[in-house]
Protein chains: 2
Amino acid sequence: MSETTRRPVTMADVARHAGVSRSAVSFVLNDRRSVSIAEDTRDRVLAAAAELGYRPNAGARALAKKQSDWYGLVTEIVTAPFAVDIIKGAQDRALVDEKYLLIASTESDPAAETAAIERLLEQRVEGLLYAATWHRAVEIPEIAREVPTVLVNCFDAEGRYPAIVPDERTGGRRATERLLAAGHRRIGFINLDPDIPAAVGRLVGYHEVLREAGVAPDEKLEISGHATADGGYTAASALLDLADPPTAIFCANDRMAMGAYDAIKERGLRIPQDIAVIGFDNQELIAAYLRPGLTTVALPFEQMGARGVDLLAAIIAGQSTGTGTVTVDCPLLERASV
Amino acid sequence: MSETTRRPVTMADVARHAGVSRSAVSFVLNDRRSVSIAEDTRDRVLAAAAELGYRPNAGARALAKKQSDWYGLVTEIVTAPFAVDIIKGAQDRALVDEKYLLIASTESDPAAETAAIERLLEQRVEGLLYAATWHRAVEIPEIAREVPTVLVNCFDAEGRYPAIVPDERTGGRRATERLLAAGHRRIGFINLDPDIPAAVGRLVGYHEVLREAGVAPDEKLEISGHATADGGYTAASALLDLADPPTAIFCANDRMAMGAYDAIKERGLRIPQDIAVIGFDNQELIAAYLRPGLTTVALPFEQMGARGVDLLAAIIAGQSTGTGTVTVDCPLLERASV
DNA sequence: GTGAAAGCGCTAACAT
DNA sequence: ATGTTAGCGCTTTCAC
């Protein structure tokens, strides 16, 4: 309001304005129950703060408390917008504890990644979250050991860090169960590159359920394709051209399901009347817009992000040892392709 | 290395270890050219810092310099992962100036948005970037006025903030030009909700180019649909069932193009041999995976993010008045649908 | 050229 | 119950 330069108002200003000491101001503003402040003083302080438009300086507070209230999130997700919900989940969960997320986006360049973590540490983050776009083993820069670290949607081969990962196996089970429930017995499975965790987990689930239902897995119905629409098209074509084709196809991801739709439609077949399709990932853009809508198993990104922060907070609080892997369920999302 | 508690090493430690004063350390570590430090002293300090594993405390530095080196980015993008590249572009550009981005994700709840900005201001961000998922007019909380603010992929109705937006008109031109160049004269246009900036801009471009080529716009070829695959399917069907159907369709977004593909294929027509399709947005997931690959006009998200930071930095440096709108070009991306 | 000293805005012992 | 005071880790002016 004054004509002079707009110097940011500090706690000292509030104290002066209210006619109390700085610590008194600190106490009431932080609502410290331990020390009792006269109701009257309290009100004066609050009024002064409001009147002056006081806004706490988070940095100064962090310095004094030796606690930044930040978690660092290093991830490639910003670059490859598949699992963004991890960020959302983590952010929302962090806010509950009044913690903030400092996001460092990386792109699989180890040197850049180390530099990014270095910057995060300079900001004195209390812990680190390391999140990947797709479930896989990752190499964590050694420097990450300096603070509690939890992995999300990935894991380290040596198992030195706690990790949050999707339950691929149960996901594979759910998809297969759904198809079985719809009366299908010949269920084709278009899998991903057989080496990745998603492929092995989903296949195990598929096999388990088939066997439990008394259906002998048929190797001719299992085929692995390139994880793209083209890959799905090719694989689905092969399946459909079998002498004894499947009546349902479980695609290990939605992109492949997209290609499978093409192969099916090309043959004049209808979904789901003539052949049922089920996907995996619940990639909105595809699953929701495909015609008919694709029934698919969802990857629980948001929950994984939240669980990651949960675990990180527990480790920092000393309530968790910070080891082991937690697995998050992949629910089935019904649309119209089964 | 010591057995004692791991107290973070400070500048004082480095000074002591090197046998110099704290200010000397500060000078060499910040490479202050103004004061000359003996080469020898310099080396000792550097060695001490390295040996002790000194890591500067960004917060303390910010407090002393009264400069946080942060920009706040408030956006709904994290929630709706369409324009994520804005974040990437902004982040990369900020890093060039050794500035960091504090990302606050919002979801169109004004109160929450104000609270988020409030938090950003408590962190003493030097400026604000406000980014939207889709090009539109937005309401900026009044509190944003406290620091330099620039809008990205959106604008405020009153024009009080500088904004970076895509050049929709030129985008519309490019698509139409491409189709014309392929020999088409009857070009259908499936537009978005006619009220939004993208729709008006793209339509203007389409008309301009048509007229310039001596083709009279035909209202029967212009139709606006729901911005989804279903909407595209319906609109394309209508176009294809015309007595004199178009030989090419310009879809104002890729999702609608996805639906258009279905309508076209259903009729046994081939893309692009029988009918050409061009999209808008370059939504990788769709455009790249559609069969055949979709030729489309790209939204320059990454550049817009970078330009946003550029402008913000200029405003903060006093090199720009911080008004006006800058428009970023939308390039054509050739794939195989024309 | 180098170092002492005074902050930056806040918290939390410790006195009163 | 309230206020005084000493830092938190760093920058920077100003003597030496």
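Each chain gets a letter, A, B and so on, in the order its sequence line appears, and its residues count up from 1. Everything quoted here is computed from the prediction, not taken from an experiment.
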So does [X] pair up with [Y], basic N to acidic O under 4.0 Å?
X	Y	answer
B/Asp31	B/Arg42	yes
A/Glu98	A/Arg61	no
B/Asp13	B/Arg16	yes
A/Glu142	A/Arg160	yes
A/Asp97	A/Arg93	yes
B/Lys66	B/Glu126	no

Quickly work out the [X] [atom1] to [N] [atom2] distance and round it to whole Å.
X	N	atom1	atom2	answer
B/Leu63	C/dT11	CG	C1'	13 Å
A/Arg42	D/dT2	CZ	P	12 Å
A/Lys65	C/dG9	NZ	C1'	14 Å
B/Asp40	C/dG1	CG	C1'	12 Å
B/Met11	D/dC8	CE	C1'	14 Å
A/Gln67	C/dT11	CD	C1'	12 Å
A/Arg16	C/dG9	CZ	P	11 Å
A/Lys66	C/dA13	NZ	P	13 Å

Proximity to the side chain of [X] - top-ranked nucleotide from [options]:
X	options	answer
B/Asn57	D/dC8, C/dG3, D/dC10	D/dC10
A/Arg61	D/dG3, D/dT11, C/dC10	C/dC10
B/Ala64	C/dA12, C/dC8, C/dC10	C/dC8
B/Ser26	D/dT12, C/dC8, C/dT2	D/dT12
B/Asn30	C/dC10, D/dT11, D/dC10	D/dT11

For nucleotides 4-6 of chain C, list the nitrogen or oxygen atoms of the protein found under 3.5 Å from its nitrogen or oxygen atoms, one pair per line.
from	atom 1	to	atom 2	distance (Å)
C/dA4	N6	B/Ser23	OG	3.2

Donor-acceptor pair, side chain of B/Arg22 and main chain of B/Ala12, under 3.5 angstrom: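 Side chain of B/Arg22 to backbone of B/Ala12: no pair is present.
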Does B/Thr41 or A/Gly59 map to a spot on DNA chain C nearer the 5' end, using the closest nucleotide for each?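 On the 5' side of the pair lies B/Thr41.
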